[in-house]
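Shown next, in C-alpha cells, is the structure this report addresses.
Numbering of residues begins at 1 and proceeds along the displayed sequence.
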Amino acid sequence: MPNIKSAKKRVLITKKKNARNRADRSRVNNAIKAFNKAIDSANIEEAERLLPITMSIIDKGVTAGIMHKNAAANKKSAISKRLSDIKSGKVTVVVKKDNKTIAAEKARAAKEAREAARAEFRAKQIEKEAEKVEQKKKKAAKDKAEEKPEKEKKVVKEKAPKKAKKTEEKAEEAAEEKAE
C-alpha cells in the first residue's frame with residue numbers, strides 16, 4: 001500500500017481507468033458476439049443491421065485506447081468478410097445447437113411420441129366400448145324378438161280376473177234391467 005499522496009492518487013486513478021477499460025472491452029466483445037450469433041442463427045437481416053453498429057463500437061474501443069488500431073481493422077475486416085461470404089453463397093450457415101437445445105428437442109419429441117401413443121390407446125378403448133355397446137344392442141334386439149311371441153301366448157292363456165268377471169256380470173244385469 002503506497003504511503004505517498006501522489007502514489008495513493010495513482011492507485012485510485014488506475015482503478016477507475018481499469019473499470020472503464022473493462023466496460024469498453026466488454027462492450028466491444030459483446031457487440032462482436034451479438035453479430036456472430038446473428039450469423040450463426042442464419043439471421044442475415046439482423047447481421048446486416050448489426051454490422052455498422054459493431055464497427056462503430058470497435059472504433060470507439062480504439063479511441064478509448066483499449067484496442068490497437070490494426071487489431072480493430074482486422075476484426076472489422078473479419079466480420080464484414082464473414083457477412084459478405086454468407087451473402088454471396090461462398091459459405092453456408094450451419095446452425096449450431098448446443099447440448100441444452102438438443103436435449104430439449106429430444107424431450108419434446110419424446111413427449112409428442114407419448115401423447116400420440118396415449119391418443120392411439122384412447123381411440124382403441126373408445127372403439128372397444130363402441131363394439132360392446134353394439135353387441136349389447138344386438139343382444140337386446142334378439143331377446144326382444146324372442147320375448148314377443150311368448151308374451152302373446154301368455155295373453156291368450158290368461159283368464160280375466162274374478163273381479164273383472166263380476167263387474168261384467170253386474171253391467172250385463174244393469175243393462176237387462178234398463179231394457180225391461
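Residues satisfying the side chain to side chain contact (heavy atoms under 4.5 Å, CB included) test with Lys111, not counting sequence neighbours, are Arg114, Glu115. With sequence neighbours left out, Glu129 forms a salt bridge (charged side-chain N to carboxylate O under 4.0 Å, His left out) with no residue at all. Under the rule for a side chain to side chain contact (heavy atoms under 4.5 Å, CB included), the partners of Ala71 that lie at least two apart in sequence or sit in another chain are Met67, His68. Under the rule for a side-chain hydrogen bond (donor to acceptor under 3.5 Å, both in side chains), Asn43 has no partner lying at least two apart in sequence or in another chain. Applying the side-chain hydrogen bond (donor to acceptor under 3.5 Å, both in side chains) criterion to Thr101, with sequence neighbours excluded, gives Asp98. For Lys124, the salt bridge (charged side-chain N to carboxylate O under 4.0 Å, His left out) partners two or more places apart in sequence, or in a different chain, are Glu120.
Separating the OG1 atom in Thr63 from the CD1 atom in Ile58 is a distance of 12.0 Å, to the nearest 0.5 Å. From Leu83, atom CG reaches atom CD1 of Ile39 across 5.0 Å, with rounding to the nearest 0.5 Å. Atom CD of Glu134 sits about 7.5 Å away from atom NZ of Lys137, to the nearest 0.5 Å.
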Please walk me through it: do Asp85 and Lys81 pass salt bridge (Lys or Arg N to Asp or Glu O under 4.0 Å)?
CA-CA 6 Å; Asp85 285 349; Lys81 183 178 185 316; 2.9 Å; yes
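Sequence neighbours left out, the pairs with a member in residues 53-71 that pass salt bridge (Lys or Arg N to Asp or Glu O under 4.0 Å) are Asp59-Lys76. Listed by first and then second residue, the salt bridge (Lys or Arg N to Asp or Glu O under 4.0 Å) pairs that reach into residues 43-57 are Glu46-Arg49, Glu48-Lys87, sequence neighbours excluded. Among residue pairs with one or both ends in residues 99-110, those qualifying as salt bridge (Lys or Arg N to Asp or Glu O under 4.0 Å) are Lys97-Glu105; sequence neighbours excluded.
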Can you list, pair by pair, the side-chain donor-acceptor contacts under 3.5 Å of residues 25-35, counting residues two or more places apart and other chains?
residue : atom : partner : partner atom : Å
Ser26   : OG   : Asn30   : ND2          : 3.4
Arg27   : NH1  : Asp24   : OD1          : 2.8
Asn29   : ND2  : Arg25   : O            : 3.4
Asn30   : ND2  : Ser26   : O            : 3.3

Counting only pairs under 3.5 Å, give me each side-chain donor-acceptor contact of residues 2-22, with atom names and distances, residues two or more places apart or in other chains.
residue : atom : partner : partner atom : Å
Thr14   : OG1  : Arg10   : O            : 2.7
Asn21   : ND2  : Lys17   : O            : 3.3

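For Asn70, the CG atom counts as densely surrounded, since its 6.0 Å shell holds more than 12 non-hydrogen atoms of other residues, nucleotides or ligands.
Ser84 contributes a side-chain N or O that, together with a main-chain N or O of Ser80, makes up a donor-acceptor pair within less than 3.5 Å.
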